[in-house]
Amino acid sequence: MKTQDTGQQVTPSMPARPKRNRWLAGIGAIIVVVLLVGLSALVFAQLRQHQTGQTSPTPPTAQWKQVLKGYTLTSLIAARSDPAIVYACAVRETSNASPQSNTSAITILRSADFGDHWQDIGGNAVAGDTCQLAVNNVNSNDIYAVSYANNAQNPALLKHSQDGGKTWETILPVMHVSTLQTQVQWAIQQMQVEGNRLFGIQWIMPRALPVGPPIHSIPYPYLVPRLATSVDGGHNWTIIDNQFATQRLGVHSYAVDPNNSNTIYDLIGSSLLPINLRSVPTYDPLPIIGINQELFKTTDRGATWKSVLKNIPYGSQVQLATRNPQVIYVGGTIGPLPLIPGAPKQSYPVEIGSFHLQVSTNGGSNWQNVAIPSDMQSIQNWFVSPVGQVYASPTIPFSGQPTAIPGTIEPSTPVPYPTANPQYGVQGIPSVGADVSRPSPIDRPASFVAIHTQATHFTLSQFIRRYDPNTNSWSNVTSPPTPGFMLQLTPVQSNTGVVLWFAGLAANGEVILYRYVV
């Protein structure tokens, strides 16, 4: 706006200046107050978010929502400190990565709002076609990623990020095994973080290979899985269950008390392998034993172990309630048995291939069998909620006996894949030679093959049920939106709520991730 010059100088009267100054000062004071109030509200909101550990509100309950497609998730994990932040290892369905390229089909996804939106944070954190994740349960931005590259010198790659995947540092872990003279290559599976310690299962060759015909493949039959830990952020690892090595027993599954990382449960048993049987020479001090599993407990970081449950059917796993770690479950579907010459025949209270479950509510001192409904025999995926309830879903239960149709593909033999838990192998047994969360688009579980090739030819009946130890009963929770399998269970801020993650298969064969909040 221009001011017209009239040739006269207009001078405001003296009394008007103080009034205007007082008016401006009043406006300035109001602005300052508003800014202070807004800043205080922001600070209090941030403090509240920090105290509650949640940056995004919990989604509506009892509603299935499609949250991701275009990827096949091989594992999914959320930190207990902020369950809205979710990480996942994922296979790109339409990847153009060639075997010669440096771009992996596997990547890492991150969501800060319970899966409503996702960000690819993989970058250079994943090598080859494998991936597994571990998240610090008191800091959701502190994550570890393990992958396996086609590199004979350093096949296992350990990456660490302290900013939620924005940047990654490479760790060169060293496995220390005092009982062996030769160095052991670090190759951890089922990795998790509790307190300031990392845990995982390491495959170890306990002795030299026997003299005999040449072995035409990598000698995995002579590897024994051991429980290992690191107290320096993954740089150095030590074995903590060497007591079982003299019996050629390996760890199949483990659980760590989140309130006290000195308390660990180790599910011990014979190795599923060797496939190529050999007779044990007379000078061999390691005896052939039965194939039942046994649960051991330590309260002193593995210095001593105590048996708390015997005669566990082979193929079981152990899980505990993170908010009430006195509640422990051992169970699973009885799977393939190890081929051991001369081993005594095992007698189980349930048939091979049936789901079984035992629970203890006092840290393993006493146990009781959980009654399994007759239509829950095909359970492979089951998870324990933070308060100790079990959520289970059949992978692909058929109504009646399925009949093969000419031209269709029969369900294949299960391959290493997260069938019982995204960090466990088939039937809860660690896969051999590679991480279980490594499927290529063709390496899907038997259930996926069956669904993908024959779902249109059979009547499917699938459900998700919950077991409550307080009432000793099962109840229906919901029915999945499509055939598929329950991938994971993650917590929410409420005491009893959980998020169920379901990998479903669309009619066109596309894998879709669904979310359901209980």
Side-chain angles (χ1 to χ4, degrees), residues 54 56-80 82-91 93 106-121 131-135 137 140 143 192 319 322 379-387 389-396 417-424 436-437 439 444-445 447-448 451 462-466 477-494 496-506 510-518:
Q54 185 170 340
S56 181
T58 303
T61 60
Q63 297 179 17
W64 282 107
K65 181 178 180 179
Q66 175 183 316
V67 293
L68 182 67
K69 63 180 180 179
Y71 294 86
T72 297
L73 268 61
T74 61
S75 66
L76 185 145
I77 188 171
R80 293 193 291 270
D82 190 350
I85 298 181
V86 182
Y87 298 92
C89 287
V91 182
E93 289 289 349
I106 297 278
T107 190
I108 300 173
L109 303 179
R110 182 183 189 271
S111 174
D113 52 11
F114 289 98
D116 284 332
H117 303 87
W118 296 87
Q119 179 185 6
D120 191 328
I121 62 170
C131 176
Q132 60 172 306
L133 298 171
V135 181
N137 285 304
S140 59
I143 57 177
Q192 69 179 74
Q319 298 186 42
T322 55
I379 300 295
Q380 291 188 18
N381 297 31
W382 62 279
F383 304 94
V384 177
S385 74
V387 296
Q389 298 171 326
V390 172
Y391 287 79
S393 175
T395 300
I396 178 168
Y417 196 86
T419 54
N421 185 295
Q423 294 184 354
Y424 298 154
V436 294
S437 54
R444 291 176 182 165
S447 56
F448 252 129
I451 294 172
Q462 198 163 15
F463 51 80
I464 296 178
R465 285 183 183 159
R466 175 177 56 215
V477 177
T478 183
S479 295
T482 65
F485 67 96
M486 189 163 61
L487 176 66
Q488 186 55 279
L489 176 153
T490 59
V492 294
Q493 289 298 332
S494 66
T496 59
V498 295
V499 182
L500 304 179
W501 304 89
F502 190 86
L505 200 65
E510 185 178 23
V511 180
I512 300 176
L513 180 66
Y514 294 90
R515 181 192 67 204
Y516 186 92
V517 181
V518 181

Mind checking side chain to side chain donor-acceptor pair (under 3.5 Å) for Tyr71 and listing every partner two or more places apart, or none if nothing turns up?
none
Among all residues two or more places apart in sequence or in another chain, which pass the salt bridge (charged side-chain N to carboxylate O under 4.0 Å, His left out) test with Arg465?
Asp375
Please report the closest heavy-atom contact between Ile512 and Ala506, naming both atoms and the distance.
CD1-CB, 3.9 Å
Got a donor-acceptor contact below 3.5 angstrom from the Gln462 side chain to the Gly484 backbone?
yes
Would you please name every residue forming a ring-ring contact (aromatic ring centres under 6.0 Å, His included) with Tyr514, sequence neighbours left out?
none
So do Leu76 and Leu513 actually touch side chain to side chain, heavy atoms under 4.5 Å?
yes
Looking at side-chain heavy atoms only, is the closest gap between Val499 and Leu489 below 4.5 Å?
no
Here the pair of heavy atoms bringing Ala90 nearest to Leu109 is CB-CD1, 3.8 Å
What distance do Gln493 atom CD and Asp82 atom CG have between them, rounded to the nearest 0.5 Å?
7.0 Å
Can you check side-chain contact (heavy atoms from CB on, under 4.5 Å) on Ile121 and Ile143, steps first, answer last?
CA-CA 12 Å; Ile121 62 170; Ile143 57 177; 4.3 Å; yes
Measure from the side-chain N and O atoms of Ser111 to the backbone N and O of His117, and report whether any donor-acceptor pair falls under 3.5 Å.
yes
Name all residues meeting the salt bridge (charged side-chain N to carboxylate O under 4.0 Å, His left out) criterion together with Lys65; count only those two or more places apart in sequence or in a different chain, and write none if there are none.
Asp116
Can you name the closest pair of heavy atoms from Pro83 and Arg80 and give their distance?
CD-O, 3.8 Å
Taking side chain to side chain donor-acceptor pair (under 3.5 Å) as the definition, give me every residue that meets it alongside Thr478, ordered by chain and number, with sequence neighbours left out.
Trp64
Shortest non-hydrogen contact from Val518 to Thr61?
C-CG2, 4.3 Å
Report yes or no: does Tyr87 contribute a side-chain atom to a donor-acceptor pair with the main-chain N or O of Ala79 at less than 3.5 Å?
no
Closer than 3.5 angstrom, by distance alone: can the side chain of Trp501 be matched with the main-chain N or O of Ile77 as a donor-acceptor pair?
no
Can you list everything that forms a side chain to side chain contact (heavy atoms under 4.5 Å, CB included) with Ala78? Sequence neighbours excluded, please.
Val86, Thr490
Are side-chain heavy atoms of Phe383 and Val498 found at a separation under 4.5 Å?
no
Donor-acceptor pair, Gln319 side chain versus Trp382 backbone, under 3.5 Å?
yes
Is there side-chain contact between Leu500 and Ile464, with heavy atoms separated by less than 4.5 Å?
yes
Measuring from Leu133:CG to Gln192:CD, what's the distance to the nearest 0.5 Å?
13.5 Å
My understanding is that only residues two or more places apart in sequence, or in another chain, count here; which of them pass salt bridge (charged side-chain N to carboxylate O under 4.0 Å, His left out) with Asp113?
none
Without swapping roles, check the side chain of Ser393 against the backbone of Phe463 for a donor-acceptor pair under 3.5 Å.
yes
Which pair of non-hydrogen atoms, one from Leu73 and one from Ala88, has the smallest distance, and what is that distance?
CD2-CB, 3.6 Å
Pro491 and Phe114: which non-hydrogen atoms are nearest, and at how many Å?
O-CE2, 4.2 Å
